[in-house]
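Step one of this worksheet: look at the structure below.
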Number of protein chains: 2
Amino acid sequence: MDKPPRPSRSDVFLNYKIWLSGLVGHGQIQSEIFALLEAIRNHETLKSAADSLGLSYRKAWGQISEAEQILGYSLLVKQRGGKEGGKSSLTSSAIKLLEAYRALQQRFDESVEAAYTDFINKLNNG
Amino acid sequence: MDKPPRPSRSDVFLNYKIWLSGLVGHGQIQSEIFALLEAIRNHETLKSAADSLGLSYRKAWGQISEAEQILGYSLLVKQRGGKEGGKSSLTSSAIKLLEAYRALQQRFDESVEAAYTDFINKLNNG
DNA sequence: TAGCGATATGAAAAAATTTGCATAACGATA
DNA sequence: TATCGTTATGCAAATTTTTTCATATCGCTA
């Protein structure tokens with residue numbers, strides 16, 4: 001799933017994942033979508049972003065579409081046609097969301113370590 | 001999934017779940033198993049514990065079996081036959097694991113709130 | 001030693017999810 | 001106005017997960 005186990009002297013590993021949900025639509029916004037948003041920011045098209053992540057265009061498109069439905073606002077400015085066929089870029093809302101999520105994720109990563117240590121101690125001694 | 005969204009002034013909710021994995025077998029030990037262990041502690045048989053949670057005996061048995069496989073040690077002392085048909089009780093390892101997990105879960109519950117607040121602030125202002 | 005109720009487990013069936021296929025539409029450019 | 005590569009989307013197929021069914025074993029007690 002989301003996080004690989006951390007190394008330890010124990011025989012049990014702790015894993016966790018975080019995700020978002022919205023008021024408008026039902027469903028979950030998983031961490032994968034943020035990787036996709038970052039790839040779109042880098043590649044300028046949904047297609048090449050999907051390719052770079054090993055996703056089918058169909059799936060990437062579906063993920064974006066579902067997330068937008070859940071959030072109730074657009075994540076991408078998409079245009080089709082033209083010489084290059086089309087392109088996509090992040091809305092300012094998407095950029096904000098992406099950055100807030102990354103900070104959140106980092107904060108979790110840092111605090112999980114201590115919780116895990118206590119857990120193992122309790123398991124072995126407590 | 002695991003946690004219901006917390007109330008907020010925002011249009012986005014944060015959810016998380018934690019689970020364990022082991023060295024011995026492959027797979028995941030989800031939070032549901034701890035509810036099952038608690039029910040077994042209360043009901044004395046796997047069957048009535050399963051019933052109390054609305055699980056089929058088959059499924060409950062499978063969850064225990066899988067968890068034991070992953071951890072590499074027994075969670076239940078099970079005996080079958082006899083007037084009452086049989087009964088199950090938690091091993092001391094299972095009790096330790098259960099208690100350590102509950103403490104871990106509580107710790108997470110408490111710390112997630114602050115992280116979520118920061119997240120929302122970043123989303124609205126930052 | 002017959003019966004009862006729980007443990008034990010494989011395997012089929014059903015449900016849910018994911019993946020992939022096919023096909024249309026778009027529009028700047030040449 | 002023909003082309004090209006992307007966006008757009010329904011739908012069938014495949015895969016995975018979950019649920020249900022069937023059947024056996026066990027051993028105390030009457």
Side-chain angles (χ1 to χ4, degrees), chain A residues 1-2 17 19 21 25-33 35-37 39-71 73-91 94, chain B residues 1-2 17 19 21 25-33 35-37 39-71 73-91 94:
Chain A
M1 296 187 95
D2 252 21
K17 77 182 294 189
W19 71 95
S21 53
H26 293 293
Q28 303 163 185
I29 298 174
Q30 309 286 351
S31 62
E32 300 93 66
I33 198 128
L36 180 55
L37 290 179
I40 293 168
R41 187 168 54 183
N42 294 332
H43 290 82
E44 316 254 278
T45 74
L46 180 51
K47 177 164 199 318
S48 59
D51 289 347
S52 75
L53 296 174
L55 301 175
S56 66
Y57 172 83
R58 185 65 183 80
K59 178 165 187 176
W61 180 87
Q63 287 184 334
I64 294 292
S65 176
E66 185 193 357
E68 289 179 332
Q69 217 288 318
I70 292 168
L71 292 168
Y73 57 79
S74 295
L75 294 173
L76 299 187
V77 178
K78 294 173 275 188
Q79 58 183 261
R80 58 181 179 179
K83 179 180 59 172
E84 314 279 275
K87 63 176 180 170
S88 297
S89 59
L90 304 189
T91 63
Chain B
M1 297 185 95
D2 251 23
K17 79 180 294 189
W19 70 95
S21 52
H26 293 292
Q28 302 161 186
I29 298 175
Q30 308 288 350
S31 63
E32 300 94 65
I33 198 122
L36 181 54
L37 291 179
I40 294 168
R41 185 167 57 182
N42 295 332
H43 290 82
E44 318 254 276
T45 73
L46 180 51
K47 177 164 199 320
S48 59
D51 288 347
S52 76
L53 295 176
L55 300 175
S56 66
Y57 172 82
R58 185 65 183 80
K59 178 164 186 176
W61 180 87
Q63 287 184 333
I64 294 293
S65 176
E66 185 193 356
E68 289 179 333
Q69 218 286 320
I70 293 169
L71 291 168
Y73 57 79
S74 295
L75 293 173
L76 299 187
V77 176
K78 294 173 276 188
Q79 58 183 260
R80 59 181 179 178
K83 180 179 60 173
E84 315 279 274
K87 62 175 180 172
S88 297
S89 60
L90 304 189
T91 63

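Hydrogens, waters and symmetry mates play no part in the numbers below; they use all other heavy atoms, side chains included. By convention in this document, chain letters (A, B, ...) are assigned in the order of the sequence lines, proteins followed by strands, and residues within each chain are numbered from 1. None of the values given here were measured: they were computed from a predicted structure.
Summarising the geometry, the separation between CZ on B:Arg58 and C1' on C:dA12 is reported as 12 Å, rounded to the nearest angstrom. Rounded to whole Å, atom P of D:dC4 lies 16 Å from atom NZ of A:Lys47. One can place CD1 of A:Ile64 at 11 Å from P of D:dT7, the figure rounded to the nearest angstrom. For the pair A:Trp61 CH2 and C:dA24 P, the interatomic distance rounds to 17 Å; values are reported in whole Å. Per the geometry, CD belonging to B:Glu44 stands 11 Å off P belonging to C:dT7, to the nearest Å. The interatomic distance linking A:Leu76 (CG) with D:dT7 (P) rounds to 9 Å, in whole Å. What separates CG of A:Leu75 from P of D:dT7 is a distance of 15 Å, to the nearest Å. Atom NZ in A:Lys59 sits roughly 15 Å away from atom P in D:dT15 (whole-Å rounding).
Take the nearest nucleotide of DNA chain D for A:Gly82 and for A:Gly62: the residue whose nucleotide is more 5' is A:Gly82.
Between B:Ser88 and C:dT7 there is a side-chain N or O to OP1 or OP2 distance below 4.0 Å. OP1 and OP2 of C:dT7 both lie 4.0 Å or more from every side-chain N or O belonging to B:Lys87. Checking the phosphate oxygens (OP1, OP2) of D:dA8, a side-chain nitrogen or oxygen of A:Lys78 falls inside 4.0 Å.
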